[in-house]
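Some notes on the structure that comes next.
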Amino acid sequence: MQKKYIMLATLTLVANMVVSAQGNNPKPGPVFNNIGAVYDVSDADFIPEISTKLSAIFDIDRKQDDLSKQNPLISSLHRYYNMHVRKGIPKENIRLAFVLHGGSSKDALSDKAYQKRFGVKNPNGKLIESLSKEGVQMFICGQSAAYAGFDKSELRSEVKLALSAMTVITVYQMDGYSLIKF
């Protein structure tokens, strides 16, 4: 009898966990409807005031091993926008930037240059284009680009060539941007 009770309790617990997990799936929007899905957190203890101005510089240096897949760190900016605007922060109060360096430098390449070097179209193109439309400032570390042999003419037009990632991060932090490093 005790085994049946334990089995029933275990099955009930697992069923409740499945139902709970299904009820909270990440959803995209409201800024980016096909990118940047986030979870609803209705009972958060800390949410910024609607009047808060958010400024962040994302330090992106990890590469995607599969050259045909998007860099999930770039799409973190989409999630940042969606999450905060969904909670009431006006888009105008959000200033974002990112700098690519190290293994992620290739993500700054134009489709033509990426195709020539890696045999596939740059999977990050749509991510970069959509962020650019929202005014996100984008840079590639000049030191990483030089090391990889990337010429400025091979870069996407939205991505600016900087002296170094360290320089971009330092200047943006002096301008009040918080550093987000994964």
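What you see is a predicted model, and the numbers here were worked out from it, not measured in a lab.
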Does H78 offer a backbone N or O that forms a donor-acceptor pair with the side chain of S75 under 3.5 Å? no
Would H101 and D59 count as having a side-chain donor-acceptor pair, cut-off 3.5 Å? yes
Any link between F139 and L100 through a network of hydrophobic side chains (Ile, Leu, Val, Met, Phe, Trp, Tyr) touching at under 4.5 Å? no
Any side-chain heavy atom of I50 sitting closer than 4.5 Å to one from P90? yes
Write down the atom of A162, the atom of V168, and the distance for their closest heavy-atom approach. CB-CG2, 3.3 Å
Donor-acceptor contact present, side-chain E158 to main-chain I128, <3.5 Å: no
Between D107 and K63, is the closest basic N to carboxylate O distance under 4.0 Å? no
Counting C-beta onward and ignoring hydrogens, is there a side-chain heavy-atom pair between N93 and T52 closer than 4.5 Å? no
Side chains of F58 and V99 in contact at under 4.5 Å (non-hydrogen atoms): no
Going by heavy atoms in the side chains, are P48 and H84 under 4.5 Å from each other? yes
Counting only N and O atoms by type, is there a donor-acceptor contact under 3.5 Å from the side chain of K160 to the main-chain atoms of S157? yes
Euclidean distance, E129 CD relative to K133 NZ, rounded to 0.5 Å: 6.5 Å
Quick one: does any side-chain atom of K106 pair with a main-chain N or O of L67 as donor and acceptor, under 3.5 Å? no
Spacing of OG belonging to S104 relative to CG belonging to N124, to within rounding of 0.5 Å: 9.0 Å
As an exercise, state the distance from CD1 of I180 to OG of S76, rounded to the nearest 0.5 Å. 8.5 Å
Would you confirm whether N82, through its side chain, and G36, through its main-chain N or O, come within 3.5 Å as a donor-acceptor pair? yes
Any donor-acceptor pair under 3.5 Å linking the side-chain atoms of T170 with those of T167? no
Mind listing the closest non-hydrogen atom pair of N34 and P28 along with its distance? N-CB, 4.4 Å
Please examine the side chains of R95 and L54, heavy atoms only from C-beta on, and report whether any two atoms are closer than 4.5 Å. no
Got a salt bridge between K112 and E154, using NZ or NE/NH1/NH2 to carboxylate O under 4.0 Å? no
If you define the side chain from C-beta out and look only at heavy atoms, does anything of Y80 sit under 4.5 Å from I94? yes
Atom pair CG/CD1 of L127 and I74 - distance to nearest 0.5 Å: 6.0 Å
Which atoms form the tightest heavy-atom contact between K121 and Q115, and what is the distance? N-OE1, 3.1 Å
Answer with yes or no whether the hydrophobic clustering places L96 together with F182; edges join I, L, V, M, F, W, Y residues whose side-chain heavy atoms lie under 4.5 Å apart. yes
Decide whether V85 and L77 are clustered together by the hydrophobic rule: side chain heavy atoms of Ile, Leu, Val, Met, Phe, Trp, Tyr closer than 4.5 Å, transitively. yes
Candidate pair E49 and I89, rule side-chain contact (heavy atoms from CB on, under 4.5 Å), full reasoning: CA-CA 8 Å; E49 296 290 326; I89 305 290; over 6 Å; no
Atom of S105, atom of S144 and distance for their closest heavy-atom approach: OG-CB, 3.1 Å
Only one of Q64, Q70, K69 passes side-chain contact (heavy atoms from CB on, under 4.5 Å) with P123, and that residue is Q70
Can K181 and I169 be said to form a side-chain contact (heavy atoms from CB on, under 4.5 Å), step by step? CA-CA 11 Å; K181 173 74 175 155; I169 291 168; over 6 Å; no
Who are the ring pair (Phe, Tyr, Trp, His ring centres under 6.0 Å) partners of F118, not counting sequence neighbours? Y114
Could you state whether L179 and Y172 fall into the same hydrophobic cluster, counting links through intermediate Ile, Leu, Val, Met, Phe, Trp or Tyr residues with side-chain heavy atoms under 4.5 angstrom apart? yes
Which atoms form the tightest heavy-atom contact between K91 and Y81, and what is the distance? O-CE2, 4.4 Å
Below 4.5 Å, heavy atoms only, C-beta onward: do S130 and I35 meet side chain to side chain? yes
Pairwise side-chain contact, F32 with L131, heavy-atom cut-off 4.5 Å (strictly under): yes
Under a 4.5 Å side-chain heavy-atom rule over Ile, Leu, Val, Met, Phe, Trp and Tyr, are F150 and F98 clustered together? yes
Whether over 12 other heavy atoms sit under 6.0 Å from K152 NZ: no
To the nearest 0.5 Å, atom SG of C141 lies from atom CG of L161 at 8.5 Å
Atom of I60, atom of N71 and distance for their closest heavy-atom approach: CG2-ND2, 3.8 Å
Verify, without hydrogens or angle tests, whether Q173 (side chain) and S178 (backbone) share a donor-acceptor contact under 3.5 angstrom. no
Residue pair S42 / D40, side-chain donor-acceptor N/O under 3.5 Å: no
